[in-house]
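Computed over heavy atoms, backbone and side chain alike; hydrogens, waters and symmetry mates excluded.
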Amino acid sequence: MTDWRNAVDSWIDSHADELRSLRRHLHSHPEPSREEFQTIRFLASRLEAEGVPYELIPSRRGILAGVLEADGRPLAAFRADVDALRITDAKDVDYRSRQDGVMHACGHDAHATMALGATLALWRCREILPSPLAWRALFQPAEEVGEGAYEMIAAGAMEGVGAILALHVDPERPTGRVGYRVGPLTAFCHELQVTIRGAGGHAARPHQACDPIIAASQFVSSVYQLVPRSVDARDPTVVTFGSIQGGTSGNVVPEEVVLRGTIRTLSRASSQRVAERIQQIAEGVATATETSFAVSLGNSTDGVVNDPGVTGTCLRAAGEVLGPANLEEIPLPSMGGEDFAGYLTQAPGCLLRLGVAEEGKTRHHLHSPHFDIDERALTLGAKILAHGAILAAEALADA
C-alpha cells in the first residue's frame, strides 16, 4: 500500500472510539426530516474544531465541506444523510433515542459518522495525498422525504462535481462485506394521494348516501388487481396503500375518504403508465359508485442508476479496504427509494451497500424500532469513502 493509504487508514483506526462515540451521540439525539438543525450544528462543530473548510446551506440543515468553490478541477464528492424517522426506539441500550417517537432506524447516524470520519482523515492527511486532489463532503437533510438532495443541489453542492459516491448500511449483509450493482439499484418512487368524496348519511339508510368507503374499497382492490396487468410483467411495479382515513363513527356513512400510498417502478415510462392507469381506474369506480375522485402525485424520487465507471472506482476502493473476496454483486434492484438519485442528475455516481450485521445477533431490518448496527463497520465505511474520494478524484484529473 502507498503512503496515503496507510496514513488515511491509520488515522481512522486510531479514532475508532471517537467515531463510535459520535455515532452514539447522533443516535441518542435524532431529528426528523426538515428539523435537522442541532444535528448539523454538532457536525459543523467537529469540522470547525479540526479546521476543515465548510459552509452551511441556506436552511442551515446541510453542510458542504472540503473544496467549497469550483476552481476548474473536477471534484469527487461523497454524501451522507442525517435525518431520522418518526419511529419509537425499542432497543434497551444506553444510547437509545432520547427523543420520543423519533429514531435513527435507517442508519443515517452511521452514514454521517462515516462521512465525518472520511472528511477528517482526508483533511488531516492532506499533505501526503496525491496532488492536486479536489474532494467535497456533503451532509444532507431530508432524505427520508425525498427532498434533501435537491435542496443541496440548489445550494450549489454539485457545482464542479464530476463524480459522487455514497454508502448505505445493509443490516442483512455481514459486517466486512459490501454489496454493489451496476445500473439500476433502487426504484423510481412517487407519493400517491387519492381523495374520494361522496354523500354522507345514516348507516341504516345507505341507499340515501353515496358511500366513499365502498368506493375506496373497490378502488384499492381494482388497483391491486389491474395495475400489474397493465405493465410489462418483466418490469417490476409495486403500488402500495399504507393509509386509509375516513369516517368518525360506526353508524355514519362519511363524506370523504383519503388514501395515501406509493408507486414504485424501475423506469420513468412505467411510472407514467401506472399513474395513467390509476387515473382510469379512479374514473371508472367514480362512475360506478356515484362518487368523485381526486388523484394526485406528491414527492417523486428518481431511481438510483449506478454508473459503470464510478462503480468500478468504488469497488477498487472497497476492495482495498475489505479485500476483493468481500465484494458481492446484488442480483436484482430494490424497490425502495433513495434521493441520492437526485445527485445523479448532475454527475455520474455510485451507491454501495455496506454490511452492518453482527455475527450471532438477530438482524433487524431497516425502519424497524429495534434497528441497530455492528459499530465495527464505522471505520470500514469511513475508509471506503476516503479511498473512494481519492481514487475518483485521481480518475477525474487523469480523464
Side-chain angles (χ1 to χ4, degrees), residues 2 4-5 8 47 52-55 57 62-81 111 114-116 118-123 125-126 128-140 143 148-168 178 180-186 301-321 338-352 381-399:
T2 60
W4 71 257
R5 291 177 172 85
V8 167
L47 295 170
V52 180
Y54 76 92
E55 64 182 35
I57 64 174
I63 299 173
L64 284 62
V67 177
L68 303 180
E69 300 291 337
D71 58 4
R73 294 177 295 168
L75 287 156
F78 54 94
R79 179 222 66 163
D81 36 18
H111 299 168
M114 292 184 287
L116 183 64
T119 300
L120 297 181
L122 290 172
W123 183 250
C125 299
R126 63 190 182 279
I128 62 171
L129 296 182
S131 181
L133 185 73
W135 59 272
R136 181 181 295 161
L138 309 180
F139 298 85
Q140 72 154 81
E143 189 281 327
Y150 302 97
E151 183 178 349
M152 295 290 285
I153 292 167
M158 293 298 288
E159 291 179 6
V161 172
I164 185 166
L165 53 141
L167 298 173
H168 198 297
V178 156
Y180 71 93
R181 179 177 171 79
V182 176
L185 178 70
T186 68
T301 302
D302 285 350
V304 170
V305 180
N306 282 337
D307 176 78
V310 181
T311 301
T313 299
C314 290
L315 290 179
R316 181 181 165 197
E320 290 177 351
V321 175
E338 167 59 73
D339 87 345
F340 181 73
Y343 299 109
L344 303 185
T345 64
Q346 309 296 308
C350 172
L351 176 68
L352 298 178
K383 292 176 186 178
I384 292 170
L385 289 176
H387 283 231
I390 295 169
L391 295 176
E394 285 188 308
L396 290 168
D398 292 340

Walk me through it: do Y343 and V161 pass the test side-chain contact (heavy atoms from CB on, under 4.5 Å)? CA-CA 10 Å; Y343 299 109; V161 172; over 6 Å; no

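- The distance from atom CG of L129 to atom CG of L122, rounded to the nearest 0.5 Å, is 6.0 Å.
- Within the 4.5 Å cutoff, side-chain heavy atoms of H387 are placed close to those of R5.
- When side chains are defined from C-beta on, I164 counts as touching F340, because their heavy atoms get closer than 4.5 Å.
- Of all the heavy atoms in L396 and A163, the pair that sits closest is CD1-N, 3.9 Å.
- By the 4.5 Å heavy-atom criterion applied to side chains, T311 and R181 are not counted as neighbours.
- To the nearest 0.5 Å, atoms CZ (R79) and CE (M158) are separated by 11.0 Å.
- The structure places CG of L344 at 7.5 Å from CG of N306, a figure rounded to the nearest 0.5 Å.
- Side-chain contact between L165 and L352 is absent, with no heavy atoms from C-beta onward closer than 4.5 Å.
- Within 6.0 Å of CD in E55 there are more than 12 heavy atoms belonging to other residues, nucleotides or ligands.
- Using modelled atom types, no side-chain atom of R73 and backbone atom of A393 make a donor-acceptor pair closer than 3.5 Å.
- Shortest non-hydrogen contact noted between F139 and A115 is CE2-CB, 3.7 Å.
- Annotation: the span from E338 atom CD to T301 atom OG1 amounts to 8.5 Å, rounded to 0.5 Å.
- No side-chain heavy atom of V67 sits less than 4.5 Å from a side-chain heavy atom of L133.
- Separating the CD1 atom in I390 from the CG atom in L385 is a distance of 11.0 Å, to the nearest 0.5 Å.
- Separating the CZ atom in F78 from the CG atom in L138 is a distance of 8.5 Å, to the nearest 0.5 Å.
- Side-chain contact check for I57 versus M152: some heavy-atom pair is nearer than 4.5 Å.
- Between E394 and L391 there is a side-chain heavy-atom pair separated by less than 4.5 Å.
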